[in-house]
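Everything on this sheet refers to the single structure shown next.
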Amino acid sequence: MTSGGVRTDSPVAGPVVGNDSLATLLAWWAQEHGDEVAITYLDYRFSVDGVATSLTWSEFDTKVSAVAAEVQAHTAEGDRVVILARQSTEYVVALLAAMRAGRIAVPLFQPDLPGHADRLAAVLADCSPTLALTLDDQRELLDSYFAEKGIGVAHVTSIDTVPDSRAADYAPFVPEPDAVSYLQYTSGSTRIPAGVMITNRNVVTNARQNTECYMTDEDDYGTLVSWLPLFHDMGLVLAVAVPMWSGRPVVMMDPIAFLERPIRWVAAMANAEGATTAAPNFAYAYAASRVSDREKAFLDLSDVVSLVDGSEPISMKSINRFADAFAECGLPRTAHRPSMGMAEAVVLISSGTPGELPKAVTFDREALTRGLAVVATAETPSTTELVSCGRAFDQQLRIVDPESGKLLDEGVVGELWLSGVNIAQGYWNRPEQTAESFGQTLEDDGFDGSGVDGRGWFRTGDLGVLHEGDLYITGRMKDLIIVDGRNHYPQDIEATVEQAHPAVRKHSLVAFSVFDGQSEQVMVMVERSKVVEAADLDRDEVTSAVKAAVSHHHGLSLHDVLIVEPGGVPRTSSGKVSRAVCRKRWAEGTLKDGRPA
């Protein structure tokens with residue numbers, strides 16, 4: 001139902017969903033709230049206190065139309081337009097301009113992002129863009145990168161040199177709901193990055209789901225606050241999609257600004273009206289440890305609505321550390337919202353109930369290795385604590401036996417299958433991979449086997465279990481370590497290794513298995529802690545401590561312990577450790593540690 005152009009069948013008001021894209025939603029809000037601030041960027045590159053740049057909805061809309069006209073001049077419908085720029089308001093303008101022009105946007109990152117030049121080249125080769133949008137002061141860098149890598153892009157346009165007057169040349173385009181809006185390249189934590197085809201209907205639907213799940217039901221109340229990279233699924237939805245659906249303003253900063261001084265993120269929440277933010281689990285513990293008591297004295301966090309926590313694994317220790325650290329600032333403990341998300345669902349899949357405390361259950365680790373979720377008792381010798389990711393939000397979730405394709409009972413670990421309007425079309429230029437994962441049939445699914453609206457089911461590759469109706473994630477199928485018929489989750493091994501020796505750097509290690517031609521061998525790669533000088537590192541002592549801890553807690557014999565310098569563990573563009581890259585490099589013989597030759 002609608003009334004005056006506003007939805008009334010939703011607890012959070014928003015535009016009517018018809019032939020909408022994120023860009024047409026922007027135009028709607030420009031008409032409704034043209035003079036109100038839509039987007040603010042806090043730039044800390046040249047000032048420790050930051051410089052704020054804001055655009056009203058009307059200014060924002062004009063700039064998007066201006067760049068869209070430029071995009072239309074150099075491309076045809078269906079062409080891919082890549083955004084290769086640093087975090088900025090211009091990045092958001094470019095992303096929405098590509099959509100408004102009726103092209104397929106590809107949100108990426110600047111070529112000097114440390115450690116990801118080759119990944120970027122692979123993605124560009126995969127999507128074959130016609131046009132690249134960048135910033136004028138990054139143009140030379142981009143041209144040099146293209147030349148070095150032998151990448152041919154027909155046109156490069158500097159977003160910030162397009163005059164607003166160019167908006168008059170924009171040719172109105174009516175988007176199709178099921179046309180591809182953008183390609184969301186996966187982070188590559190378990191495989192080579194693939195471009196997830198997100199349609200207009202997918203992203204508008206998930207924007208609504210996120211708004212209803214995490215924000216208040218009061219019209220025009222609430223602010224999005226984000227430092228997450230805009231090329232990442234959670235960052236894009238939080239800072240672009242949700243504001244476009246809800247009409248709520250967004251305050252952004254660069255990830256580096258957060259890492260340098262986490263107080264900037266926390267202060268932005270305190271200064272915002274009804275803040276909703278999101279971050280990986282480590283960021284909450286990091287902020288709690290880096291914000292001083294003196295800084296807390298100036299913070300009022302009583303107005304915070306939601307702290308979305310969507311990484312794997314989620315640690316209750318990190319949740320409690322953040323809650324305890326900022327309790328004196330009035331932070332509601334119920335604001336923390338552990339969640340499950342992935343690019344193929346746009347982002348949001350499940351979350352805890354608003355107003356309830358985050359919860360965790362301690363399971364019998366030995367039972368989990370056999371695929372059963374058994375609540376631990378005081379006598380259980382080995383345990384694993386898992387944090388609840390709540391329940392599926394406005395979509396369907398099932399736990400399925402990955403081998404037989406049959407539904408599993410509550411309490412049995414299996415693969416997560418999803419069906420909903422927010423589930424993507426498939427992977428760009430990967431028909432076989434798409435057919436393997438999307439559009440699956442599931443017997444006894446509560447429908448006719450073909451999921452929501454006949455859309456079929458998506459096989460996530462994630463392992464999880466339902467306990468008392470809530471979802472608990474146990475790991476990734478491709479990461480699962482199977483030795484002598486027993487399942488071991490790498491994050492459990494990594495948690496053990498973190499505590500084995502003070503020279504092991506926290507959150508900077510990876511456990512994975514490799515096949516040596518006869519059997520599976522378990523390896524761990526750890527970074528040296530910065531509190532231990534390289535000259536003082538006793539590799540034999542660390543190796544012995546790690547092997548002993550893993551043997552004691554998991555009954556596993558490690559094949560090797562690789563110790564590298566800080567920053568040496570391979571990571572994805574979103575900062576996750578990459579077990580897939582470690583396995584690949586080991587197979588190629590290029591995975592090395594820092595021990596003397």
Side-chain angles (χ1 to χ4, degrees), residues 80-87 91 94 104-135 138-156 182-197 228-233 235-236 254-256 259 280 343 427-430 433 476 478-479 508-510 512 514 523 525-527 562 564-594:
R80 274 73 62 206
V81 177
V82 294
I83 297 89
L84 301 168
R86 63 174 174 270
Q87 197 105 326
Y91 191 111
I104 298 175
V106 187
L108 294 173
F109 43 87
Q110 65 270 29
D112 58 348
L113 184 69
H116 294 285
D118 290 340
R119 177 184 182 273
L120 179 59
V123 170
L124 291 172
D126 186 67
C127 68
S128 302
T130 303
L131 173 66
L133 297 175
T134 189
L135 292 165
Q138 293 187 293
R139 179 71 177 267
E140 185 176 341
L141 167 69
L142 190 58
D143 290 341
S144 175
Y145 173 78
F146 284 165
E148 177 189 345
K149 296 294 184 180
I151 296 170
V153 177
H155 302 281
V156 179
Y182 63 99
L183 301 180
Q184 179 67 67
Y185 275 85
T186 58
S187 59
S189 59
T190 59
R191 63 181 178 213
I192 302 302
V196 182
M197 296 186 290
L228 297 174
L230 289 165
F231 56 82
H232 187 258
D233 51 6
L236 188 155
D254 189 272
I256 297 299
L259 292 171
Y427 301 111
W428 180 257
N429 281 341
R430 300 194 182 195
Q433 191 173 333
R476 290 282 297 172
K478 292 184 178 180
D479 284 339
S508 301
L509 67 159
V510 59
F512 60 100
V514 295
M523 314 265 289
M525 172 178 271
V526 305
E527 292 182 10
L562 307 178
V564 297
E565 290 299 288
V569 171
R571 292 180 179 271
T572 69
S573 59
S574 59
K576 298 178 184 178
V577 294
S578 181
R579 302 179 184 107
V581 171
C582 286
R583 281 193 295 269
K584 180 174 181 290
R585 290 183 183 175
W586 186 89
E588 296 170 342
T590 59
L591 190 66
K592 306 293 184 183
D593 69 356

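These numbers were taken from a predicted model, which means no experiment stands behind them.
Under the side-chain contact (heavy atoms from CB on, under 4.5 Å) criterion, Asn429 pairs with no residue, sequence neighbours left out. Partners of Asp143 under the salt bridge (Lys or Arg N to Asp or Glu O under 4.0 Å) rule, at least two apart in sequence or in another chain, are Arg139. For Ile151, the side-chain contact (heavy atoms from CB on, under 4.5 Å) partners two or more places apart in sequence, or in a different chain, are Ala121, Leu124, Tyr145, Phe146, Lys149, Val153. Take Gln110 and apply the side-chain contact (heavy atoms from CB on, under 4.5 Å) test, not counting sequence neighbours, and it matches Arg86, Asp112, Gln138. Ala94 pairs by the side-chain contact (heavy atoms from CB on, under 4.5 Å) definition with Ile83, Leu133, Ile159, not counting sequence neighbours. Asp254 pairs by the side chain to side chain donor-acceptor pair (under 3.5 Å) definition with nothing, not counting sequence neighbours. Remark: Gln87 pairs with no residue by the side chain to side chain donor-acceptor pair (under 3.5 Å) rule, at least two apart or across chains.
The main-chain N or O of Cys127 is found under 3.5 Å from a side-chain atom of Arg80 such that the two form a donor-acceptor pair. Checked by atom type and distance alone, the side chain of Gln184 pairs as donor or acceptor with a backbone atom of Phe231 at under 3.5 Å. Side chain of Thr134 to main chain of Ala85: no donor-acceptor pair is present (N/O by atom type, distance under 3.5 Å, no hydrogens or angles). Side chain of Ser508 to main chain of Glu527: no donor-acceptor pair is present (N/O by atom type, distance under 3.5 Å, no hydrogens or angles).
Distance CZ/Arg583 to OG/Ser578: 8.0 Å, rounded to 0.5 Å. Separation of atoms CG (Leu236) and CG (Leu228) is listed at 11.0 Å; rounding is to 0.5 Å.
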Practice item. Carefully, step by step, assess Leu84 and Phe109 under the rule side-chain contact (heavy atoms from CB on, under 4.5 Å). Key: CA-CA 5 Å; Leu84 301 168; Phe109 43 87; over 6 Å; no
